[in-house]
Amino acid sequence: MEINRSYYLNKLISKRNNKLIKIVTGIRRCGKSYLLDPIFKNYLLDNGVDENHIIKLELDSIENEEYTNPKKLYEYVMKKAIDNNTYYVILDEIQKVKDFESVLNSFLRKPNLDVYVTGSNSKFLSSDIITEFRGRGDEIKVYPLSFFEFMSVYSGNEINGLNEYINYGGLPLITNFETAEEKIDYLNFQKDNVYINDVIERNDIRNDEELKTLIEIISSSIGSLTNPTKLYNTFISKGNKNITNKTIASYLKYLEESFLIEKSKRFDVKGKKYIETPSKYYFVDIGIRNSLINFRQLEKTHIMENIIYTELRRRGFNVDVGIVEKRNNLKNGKKDYRQLEIDFVANKGSDKYYIQSVYSIEEKNKREQEVQSLLSVGDSFKKMVIVYDSFIKWQDDNGIIYISIYDFLLNENSLKDA
């Protein structure tokens with residue numbers, strides 16, 4: 001059964017023949033190659049493109065080794081493109097080609113070539129590739145499976161499905177394994193032999209234990225505000241006095257460039273300005289995060305927050321941590337000022353949403369406490385509470401909308417529809 005990845009397929013369709021190199025990026029093992037072939041390739045065939053006008057090369061295959069030479073790759077494609085009709089060039093593992101930037105730039109000059117590339121080494125997965133093609137490349141960033149995509153091949157109900165998703169995440173191959181042991185073994189192998197090694201090799205890190213310790217610290221504190229100084233103090237408390245703030249900041253950058261984690265900055269809602277530090281870090285796949293801490297600390301409150309963040313990013317939103325000031329008049333005539341936090345301020349074009357992630361709202365006091373920051377915003381954009389422990393959808397007297405985590409994750413338009 002094919003996983004439903006229509007969100008990304010539609011992105012590729014919308015970018016057909018736009019005279020730019022389509023660059024499919026994302027964390028390793030998230031399904032980039034499968035998106036191009038068979039999903040996108042089958043779409044082209046089903047919509048009248050002759051198979052001879054689809055030029056596909058898997059450049060990590062031994063039979064295609066000669067085409068890792070940029071001149072031979074160029075010659076191969078040009079020999080295939082024998083008429084003036086559009087040819088769709090799909091190049092998988094493009095990083096295997098030495099100086100691949102030059103051959104891609106040459107393809108850009110050919111009006112009948114529409115080029116799509118992906119790769120899986122640490123350079124290609126970093127922001128470097130976008131810099132190389134500034135103004136000439138069009139990025140399609142692929143995330144691991146969303147819960148909706150996961151459920152398209154999961155045979156159980158939504159409740160059991162979400163429990164699986166919370167534990168093992170959304171790397172596509174996870175759906176092939178039956179037992180918890182198989183899934184854990186797969187994630188542990190990827191963690192040790194793919195993700196961490198990529199960061200170490202790309203950045204020539206000598207003390208890999210420091211990097212691993214940093215990853216464990218971040219994994220243990222998803223959704224918590226932090227910065228290099230706070231992390232440095234944690235290292236000191238563990239007895240490591242050799243690492244510096246600068247080194248920690250560099251490691252954080254490396255992890256972001258490899259798409260393992262993303263940073264969400266704090267934004268002063270009323271002051272309309274960013275507060276540079278501290279920030280929050282979230283993992284692009286919760287299964288990888290769980291593996292990094294040996295499947296300890298599986299608190300659903302923090303994992304739920306991470307999953308909501310990733311889903312918002314997958315839908316194309318910029319996501320900040322909101323800060324809003326609340327003023328209270330005291331009996332002595334003085335004013336009390338408090339900063340309240342909004343879990344997510346999600347922006348995309350003219351759309352903006354203020355969102356709180358809440359495990360339970362059964363207790364009235366808890367509910368009132370959670371919405372104080374939303375009530376203090378003062379503008380007319382939609383304010384929402386996403387709740388884990390019930391299937392709800394209602395709006396209170398203050399206009400705050402409550403929806404369940406299931407409604408949010410399973411409906412692509414859940415924010416607009418609420």
S.K.: Does atom CD (E181) have a neighbourhood of more than 12 heavy atoms from anything else shown, all under 6.0 Å?
M.R.: no
S.K.: Distance from K382 atom NZ to Y353 atom OH, nearest 0.5 Å?
M.R.: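 K382 atom NZ to Y353 atom OH measures 5.0 Å (nearest 0.5 Å).
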S.K.: Shortest non-hydrogen contact from A81 to L113?
M.R.: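 Nearest heavy atoms, A81 then L113: CB-CD2, 4.1 Å.
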S.K.: Around atom CD of E2, are there more than 12 heavy atoms from other residues, nucleotides or ligands closer than 6.0 Å?
M.R.: yes
S.K.: Do R314 and E412 sit within salt-bridge range, that is, some charged N less than 4.0 Å from a carboxylate O?
M.R.: yes
S.K.: Assess whether a salt bridge exists between K280 and E341, defined as any Lys/Arg side-chain N lying under 4.0 Å from an Asp/Glu carboxylate O.
M.R.: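 Here K280 pairs with E341 in a salt bridge, since their nearest N and O are under 4.0 Å apart.
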S.K.: Report yes or no: is the cationic atom of R315 (NZ for Lys, CZ for Arg) closer than 6.0 Å to the six-membered ring centre of Y309, at no more than 45° off its axis?
M.R.: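 Ring-cation test returns no.
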S.K.: How far apart are the closest heavy atoms of V153 and T175, and which atoms are they?
M.R.: CG2-CG2, 3.8 Å
S.K.: Does a side-chain N-to-carboxylate-O contact under 4.0 Å join D285 and R289?
M.R.: no
S.K.: Any ion pair linking R5 and E149 (charged N to carboxylate O, less than 4.0 Å)?
M.R.: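 A salt bridge links E149 with R5.
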S.K.: Is the cationic atom of K141 (NZ for Lys, CZ for Arg) positioned less than 6.0 Å from the six-membered ring centroid of F259 and within 45 degrees of its normal?
M.R.: yes
S.K.: Please tell me if the side chains of N306 and T310 come closer than 4.5 Å, counting only heavy atoms from C-beta onward.
M.R.: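 Counting from C-beta outward, N306 and T310 do come under 4.5 Å.
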S.K.: Looking at OH of Y165 and CZ of F147, how far apart are the two atoms once the value is rounded to the nearest 0.5 Å?
M.R.: 8.5 Å
S.K.: Looking at K96 and E93, is there a salt bridge between them, counting it only when a charged N and a carboxylate O are closer than 4.0 Å?
M.R.: no
S.K.: Does NZ or CZ of K352 come closer than 6.0 Å to the centre of the six-membered ring of F381, within 45° of the ring's axis?
M.R.: yes
S.K.: For I166 versus N290, what's the shortest heavy-atom pair and its separation?
M.R.: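 Taking I166 first and N290 second, the nearest heavy atoms are O-ND2, 2.9 Å.
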S.K.: Any ion pair linking D268 and K270 (charged N to carboxylate O, less than 4.0 Å)?
M.R.: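 A salt bridge is absent here (no side-chain N lies under 4.0 Å from a carboxylate O).
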S.K.: Going through the distances and angles, do I3 and L145 end up as a side-chain contact (heavy atoms from CB on, under 4.5 Å)?
M.R.: CA-CA 9 Å; I3 298 171; L145 301 182; 3.6 Å; yes
S.K.: For a side-chain contact (heavy atoms from CB on, under 4.5 Å) check, start with the C-alpha distance between N398 and V371, then their side-chain angles and the critical distance, and finish with the verdict.
M.R.: CA-CA 10 Å; N398 295 305; V371 301; 5.8 Å; no
S.K.: Can you see which heavy atom on S357 is nearest to which on D343, and at what distance?
M.R.: N-OD2, 2.7 Å
S.K.: In terms of side-chain geometry, is the basic nitrogen of K22 or D138 positioned less than 4.0 Å from the acidic oxygen of its partner?
M.R.: no
S.K.: Taking atom types as modelled, is there a side-chain donor on S61 or E63 under 3.5 Å from an acceptor on the other?
M.R.: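 A pair is found: one side chain offers a donor N or O, the other an acceptor, under 3.5 Å apart.
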S.K.: To the closest 0.5 Å, what do you measure between CG (D351) and CZ (F317)?
M.R.: 6.0 Å
S.K.: Strictly below 4.0 Å, N to O, side chains only: are D114 and R16 in salt-bridge contact?
M.R.: no
S.K.: Which heavy atom of L9 sits nearest to which heavy atom of L35, and what is that distance?
M.R.: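 Minimum heavy-atom separation between L9 and L35: N-CD1, 4.0 Å.
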S.K.: Does R266 come within less than 4.0 Å of E276, counting only side-chain N to carboxylate O?
M.R.: no
S.K.: Find out whether I54 and V49 are in side-chain contact, i.e. whether some heavy atom of one side chain is under 4.5 Å from a heavy atom of the other.
M.R.: yes
S.K.: Check whether the ring centres of Y116 and F40 lie less than 6.0 Å apart, and answer yes or no.
M.R.: yes
